[in-house]
Visitor: 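Sharing a structure below in structure tokens format, with a few things to ask.
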Protein chains: 2
Amino acid sequence: MARKRFDDSSCSVARALNEVGDWWSLLVVLHAMYGTRRFVDFQQELGIARNILCDRLARLVDNEVLKKVEVGEHGSRFEYRLTEKGRDLFPIVIALRQWGDKWNPAPDQAPLDLRDRETGQTIRQVEVQDVNGNPLTVRDVFVPEGETVDKRKSAESRKKVG
Amino acid sequence: MARKRFDDSSCSVARALNEVGDWWSLLVVLHAMYGTRRFVDFQQELGIARNILCDRLARLVDNEVLKKVEVGEHGSRFEYRLTEKGRDLFPIVIALRQWGDKWNPAPDQAPLDLRDRETGQTIRQVEVQDVNGNPLTVRDVFVPEGETVDKRKSAESRKKVG
DNA sequence: CTAATCTGGTTTCTTTAAGCAACCTTATTC
DNA sequence: GAATAAGGTTGCTTAAAGAAACCAGATTAG
């Protein structure tokens, strides 16, 4: 596939996508959030090829999104658990899920009803907010002068956001 | 590459990833949010192969994330603009960017400083919140009984989130 | 104590998509 | 009227994804 890797990229979205931006990685993280920890469980739940799962798990461990924990007394049993960095993907995964539920609802499936353990109430839509917690759209924001967005283009088109 | 497509999947994250979950699509959307609209501009900014860009743009248009607008008086000039569905990816893109800035900061680049047009103040971290706007981590939430997460596995491991 | 099974892989082979470069068509500019 | 720009398309090469078989160490079943 010759996929270009952007480790060097000046864009942090590109760098983020480099770690979790492929097909499976985010699904692995999602399932890890749902409690899955074992190789075989990921494999069965996701229906992913074993070699690809190996690769993704190894990469996620390399990138410190997951950590591999030896479990079961004599070795040879492992668990993959989210690190803080991995848990920090929570808003992204939830936002994706909400977006999917909103724009591509499954006819047979209710949208995710995720609830706060404390109150039992349904969580909010994930949104971009100003300092006071008011929602912002892409048209409500700007990048201050002097910020650059990416690379090798004239600066004019970059100041605008929205 | 034989990438499995999950249009049929019961998981809305998988369905979302099906539309914007590959390497380039989200970067295209990101640049669209930054104001890019023309084929050549996407191509140069992203450094993407032209045929792949064609494919991604067409797919994004098919999925109604972008719309192709005839511009320039006599046809043969087009712009790709975000639809509402596309603009709705804003929290995801911003969350990704913030995650990247936090966990893989570029030494040479300041983290994204995105500001509210109204007040000029820096936006908040994107987070999952309860009904009152208090932040929630993956450990603070649960899926009520009866919800299923994905497929073909016993239900026990699914109730847990975190 | 040997055989079957479970877990967590690795290897091999095939298919398919990504990357690159060249080419093409329809304006518009010089 | 030739050169350039925009927006593609085509063909080739390379590399990653998928499927399935194999493997080794630990555990359990008989």
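Chain letters run A, B, ... following the sequence lines, proteins first, then strands; residues in each count from 1. Note that the coordinates shown come from a computational prediction; the quantities given were computed from them, not determined experimentally.
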Visitor: Could you tell me how far apart A:D55 (CG) and C:dG8 (C1') are, to the nearest whole angstrom?
Guide: 15 Å
Visitor: Please state how far atom CH2 in A:W24 lies from atom P in D:dA19, giving the value in whole angstrom units.
Guide: 9 Å
Visitor: If I compare all heavy atoms of A:N132 with all of B:R124, which pair ends up nearest, and what's the gap?
Guide: C-NH2, 3.9 Å
Visitor: What is the distance, rounded to the nearest whole Å, between atom CZ of B:F39 and atom P of C:dT25?
Guide: 17 Å
Visitor: Nearest heavy-atom pair of B:W99 and A:E19: which atoms, and what distance?
Guide: CH2-OE1, 3.4 Å
Visitor: What's the CG-P distance between A:N18 and D:dA16, to the nearest Å?
Guide: 12 Å
Visitor: Would you mind telling me which residue lines up with the more 5' stretch of DNA chain C, A:E79 or A:N51, judged by nearest nucleotide?
Guide: A:E79
Visitor: Nearest whole angstrom, please: distance from the P of D:dA16 to the CG of A:D22.
Guide: 12 Å
Visitor: Output yes when at least one side-chain N/O atom of B:R38 is less than 4.0 Å from OP1 or OP2 of D:dG7, else no.
Guide: yes
Visitor: So, OP1 or OP2 of D:dA6: does either fall under 4.0 Å of a side-chain N or O from B:K68?
Guide: no
Visitor: Between D:dT9, C:dT10, D:dA6, which nucleotide has the shortest distance from any of its atoms to the side chain of B:C54?
Guide: D:dT9
Visitor: Look at the side chain of A:R50 and the base of C:dG8, then say whether one donor and one acceptor between them are separated by less than 3.5 Å.
Guide: yes
Visitor: Categorize B:Y80 for me: base, sugar-phosphate, or nothing, with a 4.0 angstrom heavy-atom threshold over every strand shown.
Guide: sugar-phosphate
Visitor: Quick one: pull up OG in A:S25 and CD1 in A:I52 and give me the separation to the nearest 0.5 Å.
Guide: 10.5 Å
Visitor: Grab the CZ-P distance between B:F78 and D:dT9 for me, whole Å please.
Guide: 11 Å
Visitor: Please report the shortest heavy-atom distance between A:E64 and A:T83, naming the atom on each side.
Guide: O-OG1, 2.6 Å
Visitor: Distance check needed: C:dC20 C1' versus B:I52 CD1, whole Å only.
Guide: 10 Å
Visitor: Can you measure B:L53 atom CG to D:dA6 atom C1' for me and round it to whole angstrom units?
Guide: 12 Å
Visitor: Write down the atom of A:R97, the atom of B:S12, and the distance for their closest heavy-atom approach.
Guide: NE-OG, 3.1 Å
